[in-house]
Number of protein chains: 2
Amino acid sequence: MRHNPPACCDMRGMLSFMILWLLSKKQMYGQELAEEIAKRKGDRPNPGTLYPALKDLEGKGLIQSEQIGRTRIYKLTIDGKNGLKRACEYFYQAFGDIFEDYKCTCDIEYEA
Amino acid sequence: MRHNPPACCDMRGMLSFMILWLLSKKQMYGQELAEEIAKRKGDRPNPGTLYPALKDLEGKGLIQSEQIGRTRIYKLTIDGKNGLKRACEYFYQAFGDIFEDYKCTCDIEYEA
DNA sequence: AGATTTATATTGCACATCCAATATATAAGT
DNA sequence: ACTTATATATTGGATGTGCAATATAAATCT
């Protein structure tokens, strides 16, 4: 079952972080990324959300892309890999105890 | 050691979520919350960030507060507890695999 | 060839979150 | 009483993330 964003509080943010992490697993084009993001956030990001984020990351030198036909393949750069490592450390510092707490109090169900 | 936000990507967001989770552990006043947030995010949130967020959460009925002298004590309401549970489920769906992945590839150090 | 689908991309808007700067009221210290 | 410290609070600005709507180019299909 896929959860949509909760009504109680805003859960936006961390899109660039998620993109970097996804690209660290596998190089992907935009619509592949959109599908992976949808698995996690409940819905595909709008083009007006996704493509500016990719453009921004490329402008910062964290990802690079190559156009092949109508698709554009994105992959991490060295700077992107190093940045992701730091971002993960920060993310764990900020939310690690919330995760551990959640895992102790809830039965976790994975999608088949 | 306390990590500051990384340069690579924006890590804003989830402030209301973090506030709800902190208040689920213990009722607190604003400056106590600011200190707990600082432990996680690296710096105390500006008053212009924290107090509007608290006001918004109270307006939605997720928290309630009581003024005692110069401090205002905040605590979760029933709606806040239920909302937090859903928010945790969503958060785990969105970022759970990033956490598990991080824990597998990094040695974790806890503050003394 | 013409129509449809797919993928990329932009514009314009809304909003949470971030800051610096400033203000007010209460509590504590001298 | 006066000063200082603490806690709450607002204003104004910047930026990332979110959407709907629209546009363009390439690939596919009949």
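Here is the naming used below: chain letters follow the sequence lines, and residue numbers restart at 1 for every chain.
Side-chain N/O atoms of A:Thr49 include none lying less than 4.0 angstrom from OP1 or OP2 on D:dG16. Between D:dT17 and A:Lys41, no contact under 4.0 Å exists linking OP1 or OP2 to a side-chain N or O. An OP1 or OP2 oxygen of D:dT8 is reached within less than 4.0 angstrom by no side-chain nitrogen or oxygen of B:Lys55. Contact annotation: A:Gln31 reaches the phosphate of C:dT8 (side-chain N/O to OP1 or OP2, under 4.0 Å). Within the structure, a side-chain polar atom (N or O) of A:Arg72 is placed less than 4.0 Å from OP1 or OP2 of C:dA9.
Nearest-nucleotide mapping onto DNA chain C: of A:Tyr51 and B:Asn46, the residue sitting toward the 5' end is A:Tyr51. A residue-by-residue look at A:Leu15 and A:Gly69 shows that A:Leu15 has its nearest nucleotide of DNA chain D further toward the 5' end. For A:Asp10 and A:Pro52, each mapped to the nucleotide of DNA chain C holding its nearest heavy atom, the one lying further toward the 5' end belongs to A:Pro52.
No side-chain donor-acceptor contact under 3.5 Å links B:Ser65 to the backbone of B:Ile73. Proximity of a side-chain donor or acceptor of A:Thr77 to a complementary backbone N or O of A:Gly61 within less than 3.5 Å is detected.
Taking the charged nitrogens against the carboxylate oxygens, B:Asp79 and B:Lys60 have no contact shorter than 4.0 Å, which rules out a salt bridge.
Rounded to an integer number of Å, the gap from B:Leu50 CG to C:dC19 P is 11 Å. Between the CZ atom of A:Arg44 and the C1' atom of D:dG18 there is a distance of 16 Å, rounded to whole Å.
Nucleic acid contact class of B:Tyr74 (heavy atoms, under 4.0 Å, all strands): sugar-phosphate only. Note on B:Gly48: a base of the nucleic acid sits closer than 4.0 angstrom, heavy atoms only. Looking at heavy-atom distances under 4.0 Å, A:Thr71 makes contact with sugar-phosphate atoms alone, never a base.
When each of A:Phe91, A:Phe95, A:Trp21 is checked for a ring-ring contact (aromatic ring centres under 6.0 Å, His included) with B:Phe95, only A:Phe91 meets the rule.
Taking the side chain of B:Arg70 as heavy atoms from C-beta on, and the options C:dT17, D:dA5, D:dT28, the nearest nucleotide is D:dA5.
Two residues are said to be in side-chain contact when any heavy atoms from C-beta on lie closer than 4.5 Å; A:Lys81 and A:Lys85 fail this criterion.
Judged by distance alone, with hydrogens and angles left aside, B:Arg12 brings a side-chain donor or acceptor within reach of the base of D:dT15, the pair sitting under 3.5 Å.
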